[in-house]
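These notes concern the structure reproduced below.
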2 protein chains.
Amino acid sequence: MEKTYSIQEVSQLLQLPKDTLRYYDRMGIVSPSRKENRYRRYTKNDLIDLMNVQIMQYADFALEEIKGKFQFHRMEHISPADCQEVASFLDAKNAETRQKIEHLEKISQLLHTAAETLRDFNPESDQRLAETVREIYQSIRGKGPVHFEEGCNGHQD
Amino acid sequence: MEKTYSIQEVSQLLQLPKDTLRYYDRMGIVSPSRKENRYRRYTKNDLIDLMNVQIMQYADFALEEIKGKFQFHRMEHISPADCQEVASFLDAKNAETRQKIEHLEKISQLLHTAAETLRDFNPESDQRLAETVREIYQSIRGKGPVHFEEGCNGHQD
DNA sequence: AATAACATTGGAGTTAGCTCCAATGTCAAG
DNA sequence: CTTGACATTGGAGCTAACTCCAATGTTATT
């Protein structure tokens, strides 16, 4: 018989609240087997699943997306088709992630320029700020130019 | 008298649902003045505030954080102290943003390595995957090593 | 047997940022 | 004066991922 863990032990080992573990069980994310007394017993495979879930969470995956994927360690035979499918999924996620990074880079630039402009006002940084803002603003609203006043930091007065 | 806009006009101009504008009003984010009939009338300054809100949202600011900041365009005199304060706030936000980017870079690496490993299994990419995972896992759980099995992709079999 | 420390469940509450609805009020055109 | 398009409000519901609670059951120790 393989060693199993109580919900409390798992909670301490993985630093996950017990309620969260029960929640995952209810949601069908990681559902351990039960003893006759209905107490949950987590196997090593369950722990691996939970760690994978933590990694996936870290990677901005929704729990629904995680469900059932990434359980290769439970499989006897790993079919190339499965691999291919999951690999594509990961690629898509990666594209999404690269997008987010790009987005955040722009934000970082905005914050930097804005702080700079506030600290020590001068036409160049104000100009750069205005451009960054316009660029972002366009990416926010698909298209359809805003043709009334565009001023955003108020330094035009 | 300055030109003002109805809620519908603002909604179309800024591509924000009317309910969202009302929500912002309730929350005290942007509260336009009213006519005698209680209809909202948005001034140009209100529109600027709203656009700033959109930018701040894009920049991952919570609405609560936005409240009352960034209204320089309404001020007669901008005190250096105010500027300094907001500039510091922006710096802090930027630090946060840089952190997020770093985080996402790691995720991107993880996704890339994982997909690669799935596509074409070989010891090196498996090794790299394991390392990336371990690194991330440590950053997730503050510290306290996990000393049971660490396998995460199941390729150890 | 009593007590404490665990476990179970269903269900309600939280957060942020909307989103929708029904009942009602206002206004312009025909 | 009716019709339709607008506006108002309070309040409910939504999503995701928990988080908490009360009532109850189980196990281990004294």
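Per chain, numbering begins at 1; letters A, B, ... match sequence-line order. The basis for the numbers below is simple: all heavy atoms, side chains too, and nothing from hydrogens, waters or symmetry mates. Note that this is a predicted model, so its numbers are computed, not measured.
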If you pin A:Arg38 and B:Glu64 to their nearest nucleotides in DNA chain C, which one's is more 5'? A:Arg38
B:Tyr42 to B:Ile7 - nearest heavy-atom pair and separation: CE1-CA, 4.0 Å
Establish, from distance only, whether the side-chain atoms of A:Thr97 and A:Asn94 form a donor-acceptor pair under 3.5 Å. no
Of the listed nucleotides C:dT9, D:dT27, D:dC20, the one nearest the side chain of A:Asp19: D:dC20
Presence of A:Gln57 side-chain N/O under 4.0 Å of D:dC18 phosphate oxygens OP1/OP2: yes
Could you go through nucleotides 1-6 of chain D and list every protein N or O atom that sits under 3.5 Å from one of its N or O atoms, giving the distance for each pair?
unit_1 : atom_1 : unit_2 : atom_2 : d
D:dC6  : OP1    : B:Gln8 : NE2    : 3.2

Salt-bridge present (A:Lys100, A:Glu105; N to O < 4.0 Å): no
Side chains of A:Glu131 and A:Gln127: do they bring a donor and an acceptor to under 3.5 Å? yes
Pull out every residue in residues 20-29 of chain B that has a heavy atom closer than 4.0 Å to any atom of DNA chain D, ordered by number, or say none. B:Arg22, B:Arg26
Side-chain donor-acceptor contact under 3.5 Å, B:Asp91 with B:Ser88: no
Bend of the helix from C:dA1-D:dT30 to C:dG30-D:dC1 from end-axis comparison, five pairs per end, nearest 10°, comes to 30°
Look at B:Asn37 and D:dT8 and indicate whether a side-chain polar atom (N or O) is within less than 4.0 Å of OP1 or OP2. no
Can A:Arg22 and A:Asp25 be counted as an ion pair, charged N to O under 4.0 angstrom? no
Within the structure, does a side-chain N or O atom of B:Arg40 lie under 4.0 Å from either OP1 or OP2 of D:dT8? yes
